[in-house]
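What follows is a short report on a single structure.
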Amino acid sequence: METIDSIQEQRQHFYDKINPANLTPLWEVLHDVITKEPKTPCLPYLWKWSQVRQWLLEAGGIISAQEAERRVLVLENPGLRGQTRITHSLYAGMQLILPGEVAPAHRHTQSALRFIMQGQGAYTAVDGEKVTMGVGDFVITPSWTFHDHGNTSSEPMIWLDGLDVPIVELLDAQFMEGAQELSQQTHTSAAVNFAKFGNTMKPVNYQPKSKTSPMFWYPYERTRQALEELKQHSELHPCWGHKLQYTNPATGGWAMPSIATFMQLLPAGFNGQSYRSTDSTVYAIVEGAGRCCVGDMVLEFGPKDVFVCPSWMPYRLEADSDTVLFSYSDRPVQQALDLWREHMG
Ligand code: 1HN
């Protein structure tokens with residue numbers, strides 16, 4: 001009769017035999033790979049603005065934007081250290097440009113968003129169009145478009161970068177190149193772009209060049225006005241308050257093909273119900289203060305703090321004063337693959 005030990009031995013012998021041929025038995029790993037629910041290494045965490053800002057300005061004293069190419073402190077998830085990412089699928093970093101500096105022009109297949117945290121008047125040039133950025137503005141750098149940044153103002157400029165770096169890495173579709181010139185010659189300003197696409201209209205002969213929104217500058221003032229209007233006259237959602245998604249005005253779909261972006265308002269005293277979704281989400285506070293109760297953690301937030309909620313972990317939002325939150329996630333990718341789920345309560 002075969003004993004359990006001898007069966008194990010026989011199996012191990014078999015595994016050892018097939019191993020050099022790069023074969024492995026699925027049944028030994030099946031339930032580690034196909035889990036009942038999302039099993040993310042991503043952990044909840046909050047980065048305090050005062051601390052990040054201080055260290056970023058300190059970095060400004062030890063390396064120039066030009067030498068660094070991009071002077072950025074990566075917000076690395078504590079569960080994903082060494083992997084240059086804030087969630088399993090998305091990157092986040094805080095970038096500093098000092099007065100007079102330029103970050104040289106380059107392009108890559110990774111898509112980027114900028115969300116402005118501090119300063120007014122620095123610019124980013126995207127494919128020859130110049131965007132002057134202010135606090136709360138959301139700016140897009142589509143895949144494979146040349147972009148450079150410069151600060152012609154007298155104040156340091158800091159913004160949050162969000163990129164789909166880990167998604168592009170997973171797909172082994174990374175390409176990057178520098179431009180001939182340090183800074184691009186700009187031929188038009190984002191105000192023209194906004195006139196074309198920012199008023200629920202579009203040029204009559206518009207032909208999309210890519211899946212990314214042709215409007216790549218979403219000024220805060222307009223978004224804030226819309227949220228204020230909703231606060232006065234619209235019903236509050238029990239989980240997310242008043243929440244809008246940024247859209248591609250030509251399609252009504254997401255502004256970026258790989259990253260969903262949102263802005264929401266939680267009125268003072270908001271005590272949100274529990275919510276979870278499969279898209280791990282990065283939040284940046286624009287105005288106000290409150291807390292996010294996520295898993296067994298309470299993340300107390302104030303203006304310009306950044307925090308992350310992992311996939312499928314229930315969380316609740318509370319606001320002490322009127323609070324405006326920008327957020328981004330990989331929801332468009334999950335929806336394109338019919339994977340996205342949410343659950344309330
Ligand atoms: C990048 O190009 C920028 O253009 C910022 O400002 C952060 C992180 C990874 C890869 C490329 C930028 C980046 C990046």
Side-chain angles (χ1 to χ4, degrees), residues 47 52-53 55-56 59-60 63-77 80-119 121-134 137-153 156-184 186 190 210 212 216-217 256-259 261 282 284 306 308 326 328 330:
W47 289 263
V52 175
R53 179 179 176 275
W55 278 333
L56 194 52
I63 191 163
S64 70
Q66 200 172 331
E67 193 193 344
E69 189 156 345
R70 296 297 185 263
R71 190 203 289 111
V72 177
L73 294 182
V74 180
L75 308 183
E76 219 169 52
N77 192 282
L80 294 157
R81 291 312 309 271
Q83 297 186 46
T84 326
R85 61 190 70 183
I86 188 163
T87 71
H88 217 171
S89 61
L90 293 173
Y91 161 99
M94 206 69 90
Q95 177 156 185
L96 168 70
I97 301 234
L98 291 169
E101 285 192 320
V102 289
H106 68 197
R107 64 175 173 178
H108 38 71
T109 47
Q110 293 83 355
S111 297
L113 67 85
R114 327 272 165 210
F115 188 71
I116 317 310
M117 308 298 277
Q118 181 191 312
Y123 67 85
T124 184
V126 179
D127 258 355
E129 295 193 37
K130 200 169 198 166
V131 191
T132 305
M133 302 179 285
D137 293 357
F138 159 55
V139 177
I140 301 173
T141 309
S143 174
W144 207 238
T145 53
F146 280 111
H147 54 284
D148 55 272
H149 319 301
N151 189 347
T152 46
S153 81
M157 183 99 185
I158 299 177
W159 63 75
L160 175 71
D161 289 310
L163 287 92
D164 56 6
V165 171
I167 297 175
V168 179
E169 185 186 313
L170 173 73
L171 300 172
D172 287 335
Q174 312 95 321
F175 292 91
M176 184 198 201
E177 64 184 23
Q180 301 286 339
E181 305 141 308
L182 199 61
S183 307
Q184 296 174 71
T186 49
S210 79
T212 305
F216 49 78
W217 174 57
M256 303 171 73
S258 54
I259 307 179
T261 46
V282 181
V306 175
V308 56
F326 172 80
Y328 69 94
D330 63 14

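Basis for what follows: all heavy atoms, side chains included, without hydrogens, waters or symmetry-related copies. Just follow the structure's listing: the first ligand is 1, and inside any ligand the first atom is 1.
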For ligand 1, which atoms have a heavy atom of [X] less than 4.0 angstrom away?
| X | value |
| --- | --- |
| H149 | 4 (O), 6 (O), 12 (C) |
| H147 | 2 (O), 4 (O) |
| R114 | 3 (C), 4 (O), 5 (C), 6 (O), 12 (C) |

### Query
Among protein heavy atoms, which sits nearest to atom 9 (C) of ligand 1, and what does the distance come to when rounded to 0.1 Å?
V165 CG2, 4.0 Å
### Task
Starting from atom 4 (O) of ligand 1, find the nearest protein heavy-atom neighbour and note its residue, name and distance.
R70 NE, 2.7 Å
### Message
Which residues pass the ring-ring contact (aromatic ring centres under 6.0 Å, His included) test with H108, not counting sequence neighbours?
### Response
H106, H147
### Any side-chain heavy-atom pair of V168 and Y91 under 4.5 Å
no
### Any side-chain heavy-atom pair of V282 and F115 under 4.5 Å
no
### From CD1 (I63) to CG (L96), nearest 0.5 Å
11.5 Å
### Task
Could you tell me the separation between the CG atom of N77 and the CZ atom of R85, rounded to the nearest 0.5 Å?
10.0 Å
### Query
Using a heavy-atom cut-off of under 4.0 Å, does the side chain or the backbone of T84 touch ligand 1, or both, or neither?
neither
## Note on the structure
At under 4.0 Å between heavy atoms, what of H108 touches ligand 1? The answer is side chain
#### Entry: Contact check: Y91 vs ligand 1, nitrogen or oxygen atoms, below 3.5 angstrom
no
#### Entry: E69 heavy atom under 4.0 Å from ligand 1
no
### Task
Look only at the side chain of T109 and the backbone of F175, and say whether a donor-acceptor pair between them is shorter than 3.5 Å.
yes
### Task
Quickly, which of W159, F138, F216 forms a side chain to side chain contact (heavy atoms under 4.5 Å, CB included) with L113? Name it, please.
F138
### Query
Heavy atoms only: which of D161, V74, D148 is nearest to atom 5 (C) of ligand 1?
D161
### From T124, L163, I97, V72 - option closest to atom 14 (C) of ligand 1 by heavy atom
L163
#### Entry: Option passing side-chain hydrogen bond (donor to acceptor under 3.5 Å, both in side chains) with E101 (candidates R71, H149, Q66)
R71
